[in-house]
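Here is the structure we will look at.
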Amino acid sequence: MAKETLTITDNRTGKTYEVPVTEDTIKALDLKQIHVEEGDFGLMTYDPAFMNTASCRSAITYIDGDKGILRYRGYPVDQLAEKATYLECAYLLINGELPTQSQLDKYTSDVTHHTFVHENVRTFIDGFRYDAHPMGMLVATVSALSTFYPEAKHVLDHDIRRQQMVRLIAKMPTLAAWSFRHSMGMPFVYPSNEVSYTENFLQMMKRIAEPKFEVHPEIVKALDVLFILHADHEQNCSTNVMRSIGSSRADPYVAVAGAAAALYGPLHGGANEAVLRMLREIGSVSNIPAFVKEVKSGVGARLMGFGHRVYKNYDPRAKVIKRLADQVFDLVGKKSPLLPVALELERIALTDDYFVSRKLYPNVDFYSGLIYEALQIPADMFPVLFAIPRTSGWLAQWEEMLLDKDQKIARPRQIYTGYEEREFINMDKRSPASAQPATTSKRETD
Ligand code: ACO
C-alpha cells in the first residue's frame, strides 16, 4: 500500500524530508523543519486570500464547487429548501442534527421570546442620519448589543454561549427591520409572538396601520427558502472574519458585527445590491452587448452576480432561487422589467468564451435581488436580508472553532518586504528624495 506521506527534497541543501499527508493535506507547520541554516525560521507557505489553505477542520457545511454541491450537515440544500424551515436549518447547523418536533417547538419558542431588544437600542437607531445605509446601522447595533449582555464574554461557558446564540438569531430580524424603518422615516414595529420567524420579520418591515397585517403564506415561504439558502457557506470571507474575531475570545455580538461588515462588501454579500444596480444601469436588452464588451475588456465593471471562488459550476443556490423567482413573480402578479435583462445576461455568460473559459456561472446573488425587488424591498436592504440568516451559520462556525482543540488565536505570518533597520532622520534633514525604495524581503520571527 502506498505511504500516506510526501517526500520533499530541498534543492538548496540537498536534504530530504518526509511529511505526513492526511485528508489530502499536509500541515503547514511540518514545513518549518525545512531550513537552510540552523536557527532559520524554516519554510513557510505564501497563500494570500487563502486560495489553497484549510484554516480549520469543519463538520458543518460541505461544498463541491466543481459538481455544484452544497450540503448542511450532510443534507442537500435543495432538499432543506423544499422540506424544512429556516429555524429548523439554524438548529441543524448549530446542533448537527435535525430537531425532533419537541426540540423544534422549544427552539422556536426560545427564539420567539428573545426577539425584543432593549429600548435604548431604539434610541440608538434613532440617532443615525436619515439616509444611513441599513447595513451600517445593523453592523453598529448588533455590536452595541455586546454592551447590553456583558456576560456574553464568557464564551467558554456552554449555557451562556448558547443563550447569546439564541438572542442573536432572535434579534437580528428586529435590528434589520428597524434599520429599514429608520431609513424610511417610519415608526418601529415591535416583534410579534403570534407568527413565524420570517413572517415576523416581514411584519416589522412592512406593517403600517393594518389592524391585522397579513402576508401571503407563499411569500413567507419564499423568503424562508431564501433564508435557508443563505444560512451557511463554509469558510467564506465573513465566516473567516467571524472565526478570526472569535479566536481572540471576543464576545459573539462584536464578532457577528465584524462578520456582517465583511459581508457588506460588493464582492461578497453586497453583490446582490450591486446586481440590481447593475441591471438598472444596463436598463434594456439592447444595451447588453456594449456592457458585456466593457466587462470583457477587463477595465470596466465586473458582471456582478457571476463567478465564485469555490463554485466552478452553476451555484446550486442560484438554481433554486431562479425557480423561486418565477413563483414570486406569479404571486405578486408582475414580472420585474429587469428580468429580460437578467435572462439575456445569463444566456450570454453561459455561451460566451470569456465567461465559459473562466467558469463564471450565476451565483446566489444574481436572482435574489430580483425577488427582493418584487417584494418591494429596496436594494439597500439586500445585504441586510443576507446577514439575518447567515447569523446561524456564523454562530455554528464560531462555536465549532471555540471547541476545536486545534484552534488558537488566528495569527497569520507575513513575508516582510520593508526596510532593514535604519537611523531616524531629523526633520531638517528629510526630503522626499531621501526615501529609498525597500529592497529586502524577510520573514518575521516572532
Ligand atoms: N465578471 C467578469 N470577470 C470576472 C468576474 C465577473 N463577475 N469574476 C471573475 N472574473 C474574471 C477575473 O477578471 C479573472 O480574469 P483573468 O483570469 O483574465 O484575470 C478571472 O475571472 C478569475 O477571477 P478572480 O477575481 O481571480 O476570482 P476570485 O475567485 O478571486 O473571485 C469573486 C471570486 C470575488 C466572487 C468574483 O468572481 C467576483 O468579483 N464576482 C462578482 C461579485 C459577486 O457576484 N460576488 C458574490 C459572490 S457569492 C457571495 O459572496 C455570496
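Heavy atoms only: backbone and side chains are in, while hydrogens, waters and symmetry mates are out. Ligands are counted one by one from 1 in listed order, and the atoms in each one are counted from 1 as well.
- Shortest contact from atom 10 (N) of ligand 1 to any protein heavy atom: Leu360 CD1, 3.7 Å.
- In terms of protein heavy atoms, atom 40 (N) of ligand 1 is closest to Phe306 O, 2.9 Å.
- A salt bridge links Arg243 and Glu400; the closest N-O separation between the charged side-chain nitrogens and carboxylate oxygens is under 4.0 Å.
- Contact check on Glu281 versus Arg277 returns no salt bridge, with no Lys/Arg side-chain nitrogen under 4.0 Å from an Asp/Glu carboxylate oxygen.
- Atom CG in Asp105 sits 8.5 Å away from atom OG in Ser109 (nearest 0.5 Å).
- Using modelled atom types and a 3.5 Å distance limit, the side chains of Ser284 and Ser286 yield a donor-acceptor pair.
- The shortest N or O to N or O distance between Ala271 and ligand 1 is not below 3.5 Å.
- Among the atoms of His268, some N or O lies under 3.5 angstrom from an N or O of ligand 1.
- Within the cation-pi definition used here (under 6.0 Å to the ring centroid, within 45° of the axis), Lys206 does not qualify as a partner of Phe213.
- More than 12 heavy atoms of other residues, nucleotides or ligands lie within 6.0 Å of OH in Tyr314, so this atom counts as buried by the packing criterion.
- Nearest to atom 48 (S) of ligand 1 among the protein's heavy atoms is His308 CD2, 3.6 Å.
- Atom 19 (O) of ligand 1 lies below 4.0 Å from none of the non-hydrogen atoms of the protein.
- Polar contact check, Leu267 against ligand 1: a nitrogen or oxygen pair lies under 3.5 Å apart.
- Heavy-atom neighbours of Leu156 CG from other residues, nucleotides or ligands within 6.0 Å: above the threshold of 12.
- For the pair Arg302 and Phe306, the cation-pi criterion (under 6.0 Å, within 45° of the ring axis) is not fulfilled.
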task = For the pair His233 and Thr239, evaluate side-chain hydrogen bond (donor to acceptor under 3.5 Å, both in side chains) and give the outcome as yes or no after the intermediate values.
result = CA-CA 8 Å; His233 212 233; Thr239 301; over 6 Å; no
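- Heavy-atom separations between Phe366 and ligand 1 are all 4.0 Å or longer.
- Of all atoms in ligand 1, listed by their number and element, those nearer than 4.0 Å to a heavy atom of Phe386 are 51 (C).
- Defined by atom type and a distance below 3.5 Å, a donor-acceptor pair is present between the side-chain atoms of Arg122 and Tyr190.
- Nearest protein neighbour of atom 35 (C) of ligand 1, counting heavy atoms only, is Gly307 O, 3.7 Å.
- Of the protein's non-hydrogen atoms, the one nearest atom 1 (N) of ligand 1 is Leu303 N, 2.9 Å.
- When the heavy atoms of Arg358, Met304, Arg302, Arg309 are ranked by distance to atom 24 (P) of ligand 1, first place goes to Arg302.
- Taking only nitrogen or oxygen atoms, main chain and side chain alike, Gly269 does not reach within less than 3.5 Å of ligand 1.
- Within a 4.0 Å radius of atom 26 (O) of ligand 1, the protein has no heavy atom.
- When only non-hydrogen protein atoms are considered, atom 3 (N) of ligand 1 lies nearest to Tyr354 OH, 3.2 Å.
- Nearest protein heavy-atom contact of atom 2 (C) of ligand 1 is Val295 CG1, 3.5 Å.
- With ligand atoms numbered from 1 in the order given, ligand 1 contributes 43 (C), 44 (O) to contacts under 4.0 Å with heavy atoms of Gly305.
- For atom 43 (C) of ligand 1, a protein heavy-atom neighbour is found at a distance under 4.0 Å.
- Between the side chains of Arg309 and Asn363, no donor-acceptor pair of N or O atoms lies under 3.5 Å.
- Lys171 places a side-chain N or O within 3.5 Å of a backbone atom of Phe116 that can act as its donor or acceptor partner.
- With distances taken over non-hydrogen atoms, the option nearest atom 49 (C) of ligand 1 out of Asn363, Leu263, Asp365 is Asp365.
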